[in-house]
Amino acid sequence: MDERPGPPRATGCLTCRNCGETEWSSLDREGLDLLNQVKVSNTYQPGQVIFYQGNPCLGLYCIESGAVAVRMTDPHGNSAIVRMACSGETLGYRAYFAGQPYHASADALTATRVCFIDRSAVRHLLDHNPMVGMAFLKRMAEDLEDAEEAKLHSMSLSVRARVAHLLLVLKERFGTVGADGRLVIELPLSRQDMAAMVGTRPETIARAVRSLEAQNVAHFTGRQVVVPDLDALLDLIEVQV
């Protein structure tokens with residue numbers, strides 16, 4: 001008998017652990033009941049595509065658990081990750097509100113469960129719950145602020161500092177602190193993806209990693225990073241700010 005655990009079971013919207021953190025938290029009980037009825041839950045394994053850049057926007061995707069890479073491809077076929085999305089985040093809303101195809105592709109970085117809400121159900125929920133639309137407007141404003149901050153970092157911080165900043169972002173979702181105070185991060189990203197996220201080339205990332213290891217700031221083994229002293233990682237960024 002196979003006793004290996006299967007994919008996590010779908011969670012109802014009323015009991016979802018992310019319910020209070022998403023844009024859908026503005027729904028009343030009737031709206032949440034409707035959302036629970038119309039959503040379709042799917043499980044994706046690492047590497048599986050959730051939606052493709054350029055495809056018509058058929059609805060929104062709410063991440064129940066796991067991590068997703070959002071990637072953009074240029075006219076020459078070069079693809080790069082532009083951001084990560086984790087549990088509690090909704091994907092596809094910019095394309096939905098703009099009335100455009102998806103501007104990027106999304107694929108699972110880890111085992112991921114995603115709930116899909118088709119565009120007609122989204123329209124009904126927005127028509128009857130204006131605060132949900134305001135929540136998405138707030139999210140788009142925050143996205144713009146994050147993009148501006150990332151652009152500033154790419155111009156003002158060294159590659160080492162940008163890598164350190166990325167590790168601090170990843171530690172919130174993928175890091176654990178041991179009894180000895182060491183931070184251990186299980187990276188969901190390849191080195192190439194890390195390079196794309198900090199706006200540089202993979203070979204430059206490799207040099208930055210060697211420098212961080214030489215200074216005992218962080219040690220990389222495969223996709224695991226060990227940070228002996230979190231303050232040293234923070235100092236690396238603060239020196240450049």
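Just so you know, these numbers come straight off a predicted model, no measurement behind them.
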### Query
Taking all non-hydrogen atoms of both residues, which atom of A85 and which atom of L91 are closest, and how far apart?
CB-CD2, 3.7 Å
#### Entry: Value rounded to 0.5 Å, distance of CD in Q224 from CZ in F220
11.5 Å
### Summary
For G66 and T110, the nearest pair of non-hydrogen atoms, with its separation, is CA-OG1, 3.4 Å
#### Entry: Contact check, side chains of R123 and Y96, non-hydrogen atoms, under 4.5 Å
yes
### Query
Hey, are the side chains of K39 and F116 touching, using non-hydrogen atoms and a 4.5 Å cut-off?
no
## Note on the structure
CG (L126) and CD (E23) are apart, to the nearest 0.5 Å, by 11.0 Å
### Query
Applying salt bridge (charged side-chain N to carboxylate O under 4.0 Å, His left out), which residue pairs with at least one partner in residues 207-231 are found, sequence neighbours left out?
none
### Query
Do V163 and I81 belong to the same hydrophobic cluster, where Ile, Leu, Val, Met, Phe, Trp and Tyr are linked whenever their side-chain heavy atoms lie under 4.5 Å apart, directly or via other members?
yes
### Query
Without hydrogens or angle criteria, can the side chains of R160 and S211 be said to hold a donor-acceptor pair below 3.5 Å?
yes
### Task
Answer yes or no: does atom CZ of R119 have more than 12 heavy-atom neighbours from other residues, nucleotides or ligands under 6.0 Å?
yes
### Summary
Smallest heavy-atom separation, S65 atom then S87 atom, equals CA-CB, 3.8 Å
### Evaluation steps, side-chain contact (heavy atoms from CB on, under 4.5 Å), between R182 and V227
CA-CA 6 Å; R182 297 191 311 163; V227 179; over 6 Å; no
#### Entry: Nearest-0.5 Å distance, CD1 of residue I185 to OG1 of residue T176
9.0 Å
### Query
Is it true that a side-chain atom of D193 and a backbone atom of L189 form a donor plus acceptor pair closer than 3.5 Å?
no
### Task
Please name the pair of heavy atoms, one in V38 and one in A121, separated by the smallest distance, quoted to 0.1 Å.
CG2-CB, 3.8 Å
### Query
Would you say the side chain of V114 lies within less than 4.5 Å of the side chain of N42, judging by non-hydrogen atoms?
no
### Summary
d(L34 CG, H124 NE2) to nearest 0.5 Å is 5.0 Å
### Query
Is it the case that more than 12 heavy atoms not belonging to E203 sit under 6.0 Å from its CD atom?
yes
### Query
Closest approach of V49 and Y44, non-hydrogen atoms and distance?
O-CE2, 3.7 Å
### Query
If you draw a 6.0 Å radius around CE in M134, do more than 12 non-hydrogen atoms from other residues or ligands fall strictly inside?
no
### Message
Working note: S41 + R113, criterion side-chain contact (heavy atoms from CB on, under 4.5 Å); need CA distance, chi angles, decisive distance, verdict.
### Response
CA-CA 7 Å; S41 296; R113 180 171 288 280; 3.5 Å; yes
### Summary
Taken to the nearest 0.5 Å, the spacing of W24 CH2 from L35 CG works out to 6.0 Å
### Query
Any side-chain donor-acceptor pair under 3.5 Å between R139 and T90?
no
### Message
Between L236 and L212, does the side-chain contact (heavy atoms from CB on, under 4.5 Å) criterion hold? Intermediate values first, please.
### Response
CA-CA 10 Å; L236 186 60; L212 291 173; 3.4 Å; yes
#### Entry: Nearest atoms (heavy-atom pairs only) where T22 meets G88
CG2-O, 3.1 Å
### Task
Dump the intermediate steps for side-chain contact (heavy atoms from CB on, under 4.5 Å) on D28 and N129, then the final yes or no.
CA-CA 8 Å; D28 55 21; N129 300 270; 3.8 Å; yes
### Message
Between R29 and D33, does any NZ, NE, NH1 or NH2 come within less than 4.0 Å of an OD or OE carboxylate oxygen?
### Response
yes
### Task
Output the distance between atom CZ (R191) and atom OG1 (T204), rounded to the nearest 0.5 Å.
13.0 Å
### Task
Indicate if I117 and M140 have the same hydrophobic cluster label, given that clusters are the connected sets of ILVMFWY residues with side-chain heavy-atom separations under 4.5 angstrom.
yes
### Message
Check for me, please, whether M194 and M72 land in the same ILVMFWY cluster - side-chain distances under 4.5 Å, paths through other members count.
### Response
no
### Query
Is any side-chain heavy atom of L27 less than 4.5 Å from a side-chain heavy atom of V132?
yes
### Query
Short question: side chain of D74, backbone of G77 - any donor-acceptor pair under 3.5 Å?
yes
#### Entry: Option among Q192, R162, M84 that satisfies the side chain to side chain contact (heavy atoms under 4.5 Å, CB included) test with M197
M84
### Path from I205 to F174 over hydrophobic side-chain contacts below 4.5 Å
yes
### Message
I'd like to know if the side chain of Q48 and the backbone of Q45 have a donor-acceptor N/O pair within less than 3.5 Å.
### Response
yes
Between side-chain atoms of residues 97-107 and protein atoms elsewhere (two or more places apart, or another chain), which donor-acceptor pairs fall under 3.5 Å?
residue, atom, partner, partner atom, Å
Y102, OH, L58, N, 3.2
Y102, OH, G59, N, 3.4
Y102, OH, G59, O, 2.9
H103, NE2, R94, NH2, 3.4
S105, OG, Q53, N, 2.7
D107, OD2, R71, NE, 2.6

### Query
Would a hydrophobic clustering, with Ile, Leu, Val, Met, Phe, Trp and Tyr connected at side-chain separations under 4.5 Å, put I63 with L60?
no
### E89 with R83: basic N within carboxylate O range, under 4.0 Å
yes
### Message
Atom CD of residue position E30 - does it have more than 12 heavy atoms of other residues, nucleotides or ligands inside 6.0 Å?
### Response
no
### Query
Of the options V226, V177, V225, L167, which is the one that meets L183 in a side chain to side chain contact (heavy atoms under 4.5 Å, CB included)?
V177
